[in-house]
Amino acid sequence: MHATPLTFRIAAPSDPDVSNVLALVRSAYRGDASRAGWTTEADLLADERIDHAGVLAKIADPNGVILMAHDETGALASCCELLKRPDGKLAYFGLFAVDPTRQAGGIGRQVLAEAERYAKQVFGVERMEMSVIWTRDELIAWYVRRGYTKTEETRPFPYEHLVNGKALRDDLYFSMLVKDL
């Protein structure tokens, strides 16, 4: 498989790509556009995932970054959030989105690897954690193939923080995955 060459950079609050990050995340997680990819939450949730203020808050968090991946044309192909936990040994990986029309082409693997490298080298952490909705077996399996372990820990789903929509199920919660870096 030919890997798409990617350029990585950190989003800034004044970055014109903030709107592109918002559009990418919404298209990759929920709604009709997400069905173009191999994984989606559209059967679980009918909302917008995050709003502009939410993206800006993540960018402005002094303990975190939004890592953006641009392809050779300069188009935003993927993004993720990295958040250094207070203990200094753990980073949270989230808000991971790959353009649905470009999923299953190696972009996700490259971005995950760069996120792990960044967390280890820049944040100086020893482990990465993430939360995945428990019903997303295909996604959990993808992370397990990349060295993550599904733990017994679960966390509640934030029904109260849905953005302009609703949950389509009332039994959602997060499974936690971890990996030593």
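What's counted below: heavy atoms across the whole structure, side chains too, no hydrogens, waters or symmetry copies. Along the sequence shown, residues carry numbers from 1.
Within the 3.5 Å criterion, the main-chain N or O of Y143 finds no donor-acceptor partner in the side chain of K150. Of the possible polar contacts, one joining the Q110 side chain to the T4 backbone as a donor-acceptor pair under 3.5 Å is found. Looking only at distances, a side-chain donor or acceptor of T151 sits under 3.5 Å from a matching main-chain atom of M176. A distance-only check finds a donor-acceptor pair linking the side chain of S78 to the backbone of A97 [under 3.5 Å]. Checking side-chain atoms of R102 against main-chain N and O of V98 turns up no donor-acceptor pair under 3.5 Å.
Atoms CG and SG, from D99 and C79 in turn, are 11.0 Å apart once rounded to the nearest 0.5 Å. Rounded to the nearest 0.5 Å, atoms OH (Y173) and CH2 (W134) are 5.5 Å apart. The distance from the CG atom of L177 to the OH atom of Y148 is 9.0 Å, given to the nearest 0.5 Å. Atom CD1 of I50 is separated from atom CG of L56 by 9.5 Å, given to the nearest 0.5 angstrom. Here NZ of K120 is found 9.5 Å from CG of D180. Values are rounded to the nearest 0.5 Å. Residue T135 holds its OG1 atom at 5.5 Å from CZ of R169, rounded to the nearest 0.5 Å.
Between I59 and A11 the shortest heavy-atom distance is CG2-O, 3.5 Å. Contact between A91 and V125 at its shortest, heavy atoms only, is CB-CG2, 3.8 Å. For the residue pair L82 and F93, the shortest heavy atom distance occurs at CD2-CD1, 3.9 Å. The two residues D87 and L90 come nearest to each other via the heavy atoms OD1-N, 3.2 Å. Nearest heavy-atom pair, V111 versus L6, reported as atom, atom and distance to 0.1 Å: CG2-CD1, 4.1 Å. N63 and F123 make their closest contact through O-CZ, 3.8 Å (heavy atoms, listed as atom of the first residue, atom of the second, distance).
Here E81 pairs with K58 in a salt bridge; the nearest charged N to carboxylate O distance falls below 4.0 Å. With salt bridges taken as basic N to acidic carboxylate O contacts below 4.0 Å, one links E153 and R155. E129 and R85 are joined by a salt bridge, as a carboxylate oxygen and a charged side-chain nitrogen come within less than 4.0 angstrom of each other.
Linking ILVMFWY residues whenever their side-chain heavy atoms come closer than 4.5 Å, directly or via other members, leaves M128 and Y92 in distinct clusters. Follow the hydrophobic side-chain contacts under 4.5 Å out from F174 and you never reach V178; the two are in separate clusters. Under the 4.5 Å side-chain heavy-atom criterion for Ile, Leu, Val, Met, Phe, Trp and Tyr, V65 and L83 are members of distinct hydrophobic clusters.
When side chains are defined from C-beta on, Y159 counts as touching L172, because their heavy atoms get closer than 4.5 Å. You'll find the side chain of C80 reaches within 4.5 Å of the side chain of L67, heavy atoms only. The shortest distance between side-chain heavy atoms of V132 and M130 falls below 4.5 Å. Side chains of E116 and K179 form a contact here, defined as non-hydrogen atoms less than 4.5 Å apart. Within the 4.5 Å cutoff, the side chain of R26 has heavy atoms near those of the D51 side chain.
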Q. Stepwise, does the side-chain contact (heavy atoms from CB on, under 4.5 Å) test hold for V55 with H52?
A. CA-CA 5 Å; V55 172; H52 194 266; 5.8 Å; no
(Q) As a quick check of understanding, evaluate side-chain contact (heavy atoms from CB on, under 4.5 Å) for L162 and F157, giving each step before the final call. (A) CA-CA 10 Å; L162 293 173; F157 185 83; 3.9 Å; yes
Q: Any chance you could lay out the side-chain contact (heavy atoms from CB on, under 4.5 Å) test for R109 and I107, step after step, and finish with the verdict?
A: CA-CA 5 Å; R109 285 188 295 279; I107 291 173; over 6 Å; no
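Counted within 6.0 Å of CD on E160, heavy atoms from surrounding residues, nucleotides or ligands total more than 12; the atom is thus considered enclosed.
A search for side-chain hydrogen bond (donor to acceptor under 3.5 Å, both in side chains) contacts involving D137 returns nothing, not counting sequence neighbours.
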